Amino acid sequence: MKKTAICTLLAIMIVLLASCTESKSSRTVYVMDTVASFSLYPENEAAADEISSALNEISDELSPSDGKLFGLNNAGGGEMGKHTRRLLPISQRLYEETRGAFSPYLGSLIELWGIGSKNYVPGAEELLAARSSAKAENAGYTGGRVDLKNGVRLNFGAIAKGYATDVIKEILEKEKVPGAVISLGGNVYVHGTKPGGEAFNVAVRDPAGDENDWILSLPISGKFVISSGDYERYFKKDGKRYHHILDPETGHPAEADLTAVCVISDSGAKGDAYSTALYVMGREAALAFWRERADFELILIGRDRKVTITEGIWESFVPNDEKGYVYEVARR
Ligand code: ADP
Ligand code: MG
């Protein structure tokens, strides 16, 4: 796909309000079907090069349409690449935690729909076949090998970008970079602070607007801000809209009461898997999931234009009053 097409297909693009005039190293690279941009403060070309090559390496290995993962899926398993080997056990744990709402085993279903590529509405029989292959029990792994039975295909589309930001964080720590902002198709990681010691502000995009419209912003330091939404990667057929977040139980695009979920946490992979899973679950179940845990915060944007903000960020967010959203706090 062409870059220009992809730009309009990004998941919630988070606009970075921070503007910094200090010395920095900035890059924009096209990886994992999206635009990745990052800035390191102060200038550090060596670390920027290292991040660019890690992003390319991850993208090449985890791409579901070519590369090593594609080969593994076609061959029914085999020796996993370095990143698959790390990511599959993490994904399995998040699959269990979200009771399957996030699943790395949906490759056959995702490829059948081809949302954003072939844009196909499958018939009942094909859907049934894809659903029966897209099950955790068809995949097993020990050591560095994975065994894929009954047509199950791995797909890390809902977690790979978050995982990539975890890898970037490791590089920034190793290279002792004091401040950095990374945006991978709207998945943001903020490392440290601005050169003056102030936190970076991250703005959350308005799902109903274009990529420069934001509904709220909040100061972030040392955290991942990761979003999933239904309004950018979709197609329309016979008057019906089909978006790219699938409900593993039905095999269809999830019929959620939310348009976007934004997770603020200390892990990219976890935030990415959660944002997809909580979108599938819907507002009430997402809040129940949050109440059982103490390690992340949430922004839930509803179809009813109600924005639910969890208590840990309620005091610090700044709404964009022009947008007419209604805000409510969720407490434990
Ligand atoms: P984005 O990639 O746009 O940031 P997500 O992180 O929500 O958005 O990932 C959505 C992608 O993940 C889809 O395009 C599809 O490839 C895959 N996917 C869709 N539904 C699920 C699901 N329930 N669990 C895991 N992966 C999914
Ligand atoms: Mg995700």
Side-chain angles (χ1 to χ4, degrees), residues 1 6-14 31-36 59 62-65 69-70 73 87-88 90-92 94-119 130-131 134-136 139 152-166 183-189 205 207 211 224-235 242-256 258-263 265 267-282 285-286 296 298:
M1 273 193 267
I6 289 298
C7 290
T8 62
L9 293 175
L10 298 179
I12 306 170
M13 183 71 179
I14 295 187
V31 282
M32 285 179 266
D33 255 10
T34 196
V35 178
S59 182
L62 301 183
S63 163
S65 55
L69 188 67
F70 183 64
N73 282 337
L87 194 48
L88 186 54
I90 297 173
S91 299
Q92 169 64 25
L94 290 161
Y95 164 84
E96 287 165 18
E97 228 195 298
T98 61
R99 285 171 228 105
F102 159 79
S103 169
Y105 308 110
L106 303 182
S108 48
L109 264 175
I110 292 165
E111 289 173 32
L112 179 64
W113 284 92
I115 295 170
S117 50
K118 68 178 184 194
N119 293 339
R131 277 174 61 204
K135 294 206 162 100
V152 68
R153 295 173 76 81
L154 300 177
N155 185 297
F156 295 116
I159 193 169
K161 292 195 283 259
Y163 166 75
T165 51
D166 286 330
S183 173
L184 262 178
N187 292 338
V188 172
Y189 169 58
R205 196 186 140 177
E211 60 202 52
F224 298 81
V225 183
I226 299 200
S227 305
S228 284
D230 61 17
Y231 52 88
E232 285 211 321
R233 207 179 276 260
Y234 65 87
F235 68 96
Y242 299 91
H243 66 80
H244 75 140
I245 302 177
L246 301 178
D247 181 341
E249 280 197 5
T250 63
H252 278 269
E255 294 199 10
L258 301 170
T259 57
V261 172
C262 180
V263 175
S265 74
S267 153
K270 187 177 76 180
D272 202 354
Y274 278 7
S275 69
T276 307
L278 300 189
Y279 176 90
V280 172
M281 291 180 196
F296 71 99
L298 271 181

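Just so you know, ligand 1 is whichever comes first in the structure, and atom 1 is the first atom listed for that ligand. For clarity, every value in this text was computed on a predicted model and none was experimentally measured.
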Notebook entry, point to check: So, for Ala134 and Val152, which heavy atoms are closest and what is the spacing to 0.1 Å?
Noted result: CA-CG2, 4.4 Å
Next item on the list: Please indicate whether any nitrogen or oxygen in Asn187 is less than 3.5 Å from any nitrogen or oxygen in ligand 1.
Entry: no
Next item on the list: Before signing off on this row, confirm whether His244 and ligand 1 have an N or O atom pair separated by under 3.5 Å.
Entry: yes
Notebook entry, point to check: Considering distance alone, does some N or O of Leu106 sit under 3.5 Å from an N or O of ligand 1?
Noted result: no
Notebook entry, point to check: Hey, mind stepping through Asp230 and Tyr279 against side-chain hydrogen bond (donor to acceptor under 3.5 Å, both in side chains) and telling me if it holds?
Noted result: CA-CA 9 Å; Asp230 61 17; Tyr279 176 90; 2.7 Å; yes
Check: Tell me, which N, O or S atom in Asp272 is closest to the Mg ion (ligand 2)?
Finding: OD1
Item checked: Proximity of Asn155 to ligand 1 by residue part, where a heavy atom lies under 4.0 Å -> side chain
Next item on the list: Give the contacting part of Ala254 toward ligand 1: side chain, backbone, both or neither, where contact means a heavy-atom distance below 4.0 Å.
Entry: neither
Next item on the list: Taking only heavy atoms of Lys161 into account, list the atoms of ligand 1 that are under 4.0 Å away from them.
Entry: 1 (P), 2 (O), 4 (O)
Check: If you take all heavy atoms of Thr98 and Ala277, which pair is closest and at what distance?
Finding: CG2-CB, 3.6 Å
Notebook entry, point to check: Can you check whether Tyr95 and Tyr105 have ring centres sitting under 6.0 Å from each other?
Noted result: yes
Margin query: Under a 3.5 Å distance rule, please check whether Asn119 uses its side chain to pair with a backbone N or O of Gly116 as donor and acceptor.
Written below: yes
Check: When only distance counts, is Ala101 in polar contact with ligand 1, meaning an N/O pair under 3.5 Å?
Finding: yes
Note to self: I'd like to know if the Mg ion (ligand 2) has an N/O/S atom from Ala158 within less than 2.8 Å of it, counting both backbone and side-chain atoms.
What the structure shows: yes
Check: Which residue from Ile226, Ile110, Val261 reaches closest to atom 16 (O) of ligand 1 through any of its heavy atoms?
Finding: Ile110
Notebook entry, point to check: So which of Asp272, Val280, Leu246 gets nearest to atom 20 (N) of ligand 1, if we judge by its closest heavy atom?
Noted result: Leu246
Margin query: Against ligand 1, does Ser103 come closer than 4.0 Å with any heavy atom?
Written below: yes
Check: Under 3.5 Å, side chain of Asn155 to main-chain N/O of Leu106, donor-acceptor pair present?
Finding: no
Notebook entry, point to check: Do the two ring centres, one from Trp113 and one from His252, sit under 6.0 Å apart?
Noted result: yes
Note to self: Can you tell me if Glu96 has over 12 outside heavy atoms packed within less than 6.0 Å of its CD?
What the structure shows: yes
Next item on the list: Find all atoms of ligand 1 within a distance of less than 4.0 Å from any non-hydrogen atom belonging to Gly157, and give their numbers and elements.
Entry: 2 (O), 9 (O), 11 (C), 12 (O)
Check: At their closest point, which heavy atom of Gly251 faces which heavy atom of Leu246, and how far apart are they?
Finding: O-CD2, 4.2 Å
Margin query: List ligand 1 atoms under 4.0 Å from Ser228, heavy atoms only on the residue side.
Written below: 5 (P), 6 (O), 7 (O)
Check: Near the Mg ion (ligand 2), is there an N/O/S atom from Tyr274 that is less than 2.8 Å away?
Finding: no
Notebook entry, point to check: Should Phe102 be counted as touching ligand 1, given the test is an N or O pair under 3.5 Å?
Noted result: no
Check: Quick one: does Lys270's side chain have a donor or acceptor within less than 3.5 Å of a partner on Gly162's backbone?
Finding: no
Next item on the list: Mark up the atoms of ligand 1 that fall under 4.0 Å of a heavy atom belonging to Ile245, in ascending order.
Entry: 7 (O), 19 (C), 20 (N)
Next item on the list: Would you check if the distance from the ring center of Tyr242 to the ring center of Phe235 is below 6.0 Å?
Entry: yes
Check: Looking at ligand 1, does Gly185 have a heavy atom less than 4.0 Å from it?
Finding: no
Checklist line | Which of the ligand 1 atoms, numbered from 1, are nearer than 4.0 Å to a heavy atom of Pro248 | finding: 23 (N)
Margin query: I'd like to know whether Ser91 forms a side chain to side chain contact (heavy atoms under 4.5 Å, CB included) with Phe102, so could you lay out the CA-CA distance, the side-chain angles of the two residues, the decisive distance to 0.1 Å, and finally the verdict.
Written below: CA-CA 8 Å; Ser91 299; Phe102 159 79; 4.0 Å; yes
